[in-house]
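Data first, discussion second: the structure below is written as structure tokens.
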Amino acid sequence: MSDNGTSFPIVRLRKRRALPFYARHPWVFAGAIAAAPRDLPPGAVVRLHSAEDEFIAYGLYNPTSNIRVRLYSWDPDVPPGEALWRDRVQQAVAFRKTLFGPDWSGRGVRAVYSESDGLSGLTVDCYDRHALVQWTSRALWEHREPILAALDDTLQPQTVWIRTEKGIREAEGLELADGPLRGRPPRPVFIEEHGVRFGVDVTEGQKTGFYLDQRDNRLAAARYMAGRRVLDLFCYTGGFGLTALKAGAARQVLAVDSSASAVEVARANAELNELADRFHIEQADVTAFLGRLIERGERFDAVILDPPKYARSRAGVPRAVKAYVKLNTTALKVLDAGGILVTCSCSGLVDRSQFFEILAAAAREADRTVRVLEQRGAAADHPVATTCVETDYLKCFIAHVE
Ligand code: SAH
């Protein structure tokens, strides 16, 4: 940069709002901003300055989003651009290679995880040789060409497909549909995790087709499952239940999900692993299903609870907490003495200590003695950034219940 980046437009913060950004949190909400040039297009590179006009960081501007600026570089000599994108993609992929080795064929790997990889607004999952890219930032989308080129060079995927998240059109003004960037991945793509094979519907399935964040929690849970009769609630394509059977020698699994397509894939996955005789699955609403189990007086040796995100906004947290308490209380009622409860929450707005309180409240409500054995998070290819606590969204507690 011959002009040392000083030519970029300046977004100035309001007084006393700079601290989080000196601490490198990447989201600058509209409410923190005192002044920004008019008519900046989405994706414009901007300098974020304090109210005292000190340079803090470079970011990308989006006039539509409540996250008005996303920050990418705190080095005044390194504004966002091709070199920076390439560097971040390469670092993200290099780190995953330290986890999974150089060859990811037959694996599912989160190659790029947004804020945790210094690429706020971009997630890339790889299944076998197929890349699924998800943009959650309109501003970063404007920089897609150099980013995709860097992904191509580092990952060399056979196909590249766009997945979108619900609500992004409204939140970010990003008019994007699922579809091919290059080629078309097979349906399903096959991956293996802890010796269990899964077919993954990467174009139509939830998220990018699979919940990669739960990879190691499935194995951790399986270690407690030997000989047990397991109830796998919100099973999606069978991740926890099939791992409990194959890696954990569980006796039998009853799995439940409300999604017909998930149930279909889960059944196929049970067949694929020759576990169909011990894996029973039903398409049902979990609340209604639990009600029927309680009526029939059924009991299990282990219950897995992995519900969808209950809290989508701060205002929704109290309701979500109530729903979690109710779900966990009901689950405790179908658990035998000496049972194992694996309970998860992927609501980032409900933090770890709050989730602990939820479990404690459920234990009181159900009048059971619950001891937490493991408090876990997402797998290491979804690292938690100390600068962005929102990346610590997944809680998975494994507990012993008397
Ligand atoms: N445990 C899964 C991931 C679960 S994601 C795994 O290891 O891969 C949450 C799942 O809950 C989704 O599959 C969704 O279809 C299902 N779901 C959401 N609401 C539900 C409800 N009320 N009853 C049953 N399943 C539900």
Side-chain angles (χ1 to χ4, degrees), residues 108 110 125 127 163 165-166 188-189 191-194 196-202 204-222 225 230-248 250 253-270 272-273 275 279-293 302-312 319-320 322-324 326-328 330-331 334 340-348 350 376-379 381-382 393-398:
R110 172 148 298 185
D125 289 339
Y127 297 92
R163 293 299 311 259
E165 207 175 80
K166 248 198 316 206
V189 175
I191 61 165
E192 193 174 313
E193 242 185 30
H194 312 305
V196 187
R197 297 193 69 209
F198 293 97
V200 181
D201 187 347
V202 295
E204 300 293 325
Q206 297 177 25
K207 297 265 195 172
T208 57
F210 202 67
Y211 290 86
L212 293 170
D213 51 357
Q214 292 281 28
R215 181 190 309 112
D216 295 345
N217 296 332
R218 296 187 185 111
L219 182 63
M225 298 295 163
V230 180
L231 181 62
D232 179 6
L233 298 175
F234 309 95
C235 67
Y236 188 48
T237 54
F240 276 96
L242 294 173
T243 309
L245 287 169
K246 189 133 182 193
V253 170
L254 176 58
V256 180
D257 201 281
S258 57
S259 154
S261 52
V263 167
E264 195 182 313
V265 176
R267 278 210 181 96
N269 286 338
L272 185 67
N273 291 280
L275 294 168
F279 184 82
H280 305 285
I281 182 161
E282 290 202 31
Q283 186 195 341
D285 169 73
V286 159
T287 308
F289 193 83
L290 274 171
R292 291 198 288 278
L293 290 176
V303 177
I304 294 151
L305 285 179
D306 186 15
K309 202 196 249 185
Y310 281 177
R312 299 200 165 269
R319 261 184 76 167
K322 270 193 197 138
Y324 281 124
K326 189 157 174 240
L327 176 67
N328 279 273
T330 318
V334 297
I340 294 290
L341 176 68
V342 179
T343 182
C344 310
S345 161
C346 59
S347 302
V350 174
R376 307 178 54 89
D381 49 345
H382 304 58
Y393 64 99
L394 184 66
K395 283 79 60 190
C396 172
F397 289 6
I398 304 176

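When a ligand or atom number is given, it counts from 1 through the structure's own listing order.
- Separation of atoms OG1 (Thr343) and CZ (Phe397) is listed at 8.5 Å; rounding is to 0.5 Å.
- Under the 3.5 Å distance criterion, with hydrogens and angles disregarded, a donor-acceptor pair is assigned to the side chains of Tyr127 and Thr208.
- Closer than 4.0 angstrom to ligand 1 lie heavy atoms from Gln206, Tyr211, Arg218, Phe234, Cys235, Tyr236, Gly239, Phe240, Asp257, Ser258, Ser259, Ala284, Asp285, Val286, Asp306, Pro308.
- Between the side chain of Arg110 and the backbone N or O of Ala379, no donor-acceptor pair lies under 3.5 Å.
- In this structure Arg197 satisfies the side chain to side chain contact (heavy atoms under 4.5 Å, CB included) test together with Phe190, Glu192, Leu272, Asn273, sequence neighbours excluded.
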**Message:** One pair to check against side-chain hydrogen bond (donor to acceptor under 3.5 Å, both in side chains): Asp306 and Tyr211. What are the steps and the verdict?
**Reply:** CA-CA 11 Å; Asp306 186 15; Tyr211 290 86; over 6 Å; no
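- Residues Cys396 and Gln214 approach most closely at CB-OE1, 4.3 Å, considering heavy atoms.
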